[in-house]
Amino acid sequence: MLKKILSIALLSVALTACGSNFKETTTRSGSSSMSFATEQTVSNENTAQHASTNEVTDKEYVFAEFLKDGTPVLTEDQASMEQTSYDFIAKNSDLFPSTDKSKVINLVDKSVTTKHLNKNLNLYLNKFVKISGDVIDIEEDNIPIGTTAIVYISDENDNTVMAVYPGASGEIFEGDVATVIGVPIANFSYENVSGGYTNTTLLAASFLAKENQ
């Protein structure tokens, strides 16, 4: 049942994002005649609306837009994506995904656990966190934005995260132990096989790998 829901969610998100939200780069700058590349001054707090000192293209917003549209779908309308998370993902788009752990591990706030995320997610919407644990479900599909995987990981505290990874998950399967590095998006709950509800945190995943890989 869960895998079928994930397939539908991925397809719905992909069609929504690719069909309605990818704008011309000139539209984002607020001017039809000026490229982002010509902008010289910027606010790092508002990446989605303004240019950066480097050239900004629509490619930098693809995953952020995908998750902006996808968060309500993936959380069954329990949550939406905060601007803080959107800006962080767009600003660090070259790290989504990153197949090189060394590129992101030093950016991780190692003090943050799933307990912190459950208590007050808003404090960590612009921070990389690292979660390791058992893979309780995983699915991967080829969709318009590219190969995308969704993986549920349960950590040592029996808290779960739902990570959306914009790449191939490789040799990671249900029952494996895996590590995900990503930025928190939202807290929500889903119905489990026992008929109750499991609280979880949606993550935009930068890095995903099987433990000891």
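Start at 1 with the first residue, then count along the sequence.
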Beyond-backbone contact of [X] with [Y], side-chain heavy atoms, under 4.5 angstrom:
| X | Y | answer |
| --- | --- | --- |
| I89 | I185 | yes |
| T179 | I131 | no |
| N157 | K115 | yes |
| H116 | Y124 | yes |
| T71 | L202 | yes |
| F66 | V164 | yes |
| D141 | T148 | no |

I need the [X] [atom1] to [Y] [atom2] distance, nearest 0.5 Å.
| X | Y | atom1 | atom2 | answer |
| --- | --- | --- | --- | --- |
| I138 | Y165 | CD1 | OH | 10.5 Å |
| F88 | E82 | CZ | CD | 15.5 Å |
| M162 | T200 | CE | OG1 | 8.0 Å |
| L117 | L123 | CG | CG | 10.0 Å |
| D176 | D134 | CG | CG | 9.5 Å |
| E65 | I145 | CD | CD1 | 11.0 Å |

Using side-chain contact (heavy atoms from CB on, under 4.5 Å), reason through I136 and I153 one step at a time and then give a plain yes or no. CA-CA 6 Å; I136 57 177; I153 294 177; over 6 Å; no

Judged by atom type as modelled, is there a donor-acceptor pair below 3.5 Å linking the side chain of Q78 to the main-chain atoms of S189? yes

[X] and [Y]: which non-hydrogen atoms are nearest, and at how many Å?
| X | Y | value |
| --- | --- | --- |
| S132 | K130 | OG-NZ, 4.0 Å |
| A178 | I172 | CB-CG2, 4.3 Å |
| P184 | S85 | O-OG, 3.1 Å |
| S169 | L208 | CB-CD2, 4.1 Å |
| L67 | A204 | CD1-CB, 3.3 Å |
| F207 | S98 | CD1-O, 3.3 Å |

Under the criterion side chain to side chain donor-acceptor pair (under 3.5 Å), I'd like the reasoning laid out for T84 against N126: C-alpha separation, chi angles, the key distance, then a yes or no. CA-CA 6 Å; T84 302; N126 60 353; over 6 Å; no

CD (E156) with more than 12 external heavy atoms under 6.0 Å: no

Please state whether the rings of F96 and F63 are parallel, tilted or perpendicular, taking 30° and 60° as the class boundaries. tilted

Test log, rule side chain to side chain donor-acceptor pair (under 3.5 Å), inputs D155 and T114: CA-CA 8 Å; D155 71 2; T114 51; 2.5 Å; yes

Please assess V180 against L203 for the test side-chain contact (heavy atoms from CB on, under 4.5 Å), listing each intermediate value before the final yes or no. CA-CA 9 Å; V180 61; L203 294 181; 4.1 Å; yes

Give every donor-acceptor pair under 3.5 Å between a side-chain atom in residues 100-109 and any protein atom, sequence neighbours left out.
from	atom 1	to	atom 2	distance (Å)
D100	OD1	S102	N	3.1
D100	OD1	S102	OG	2.6
D100	OD2	S102	OG	3.2
D109	OD1	S111	N	3.1
D109	OD1	S111	OG	2.6

Decide yes or no on side-chain contact (heavy atoms from CB on, under 4.5 Å) for T198 and T160, but give the supporting numbers first. CA-CA 8 Å; T198 299; T160 66; 3.8 Å; yes

Just do the side-chain contact (heavy atoms from CB on, under 4.5 Å) check on E140 and T147 with the steps written out, would you? CA-CA 7 Å; E140 183 177 296; T147 300; 3.7 Å; yes

N187 and side chain to side chain contact (heavy atoms under 4.5 Å, CB included): which partner among N199, T201, N120? T201

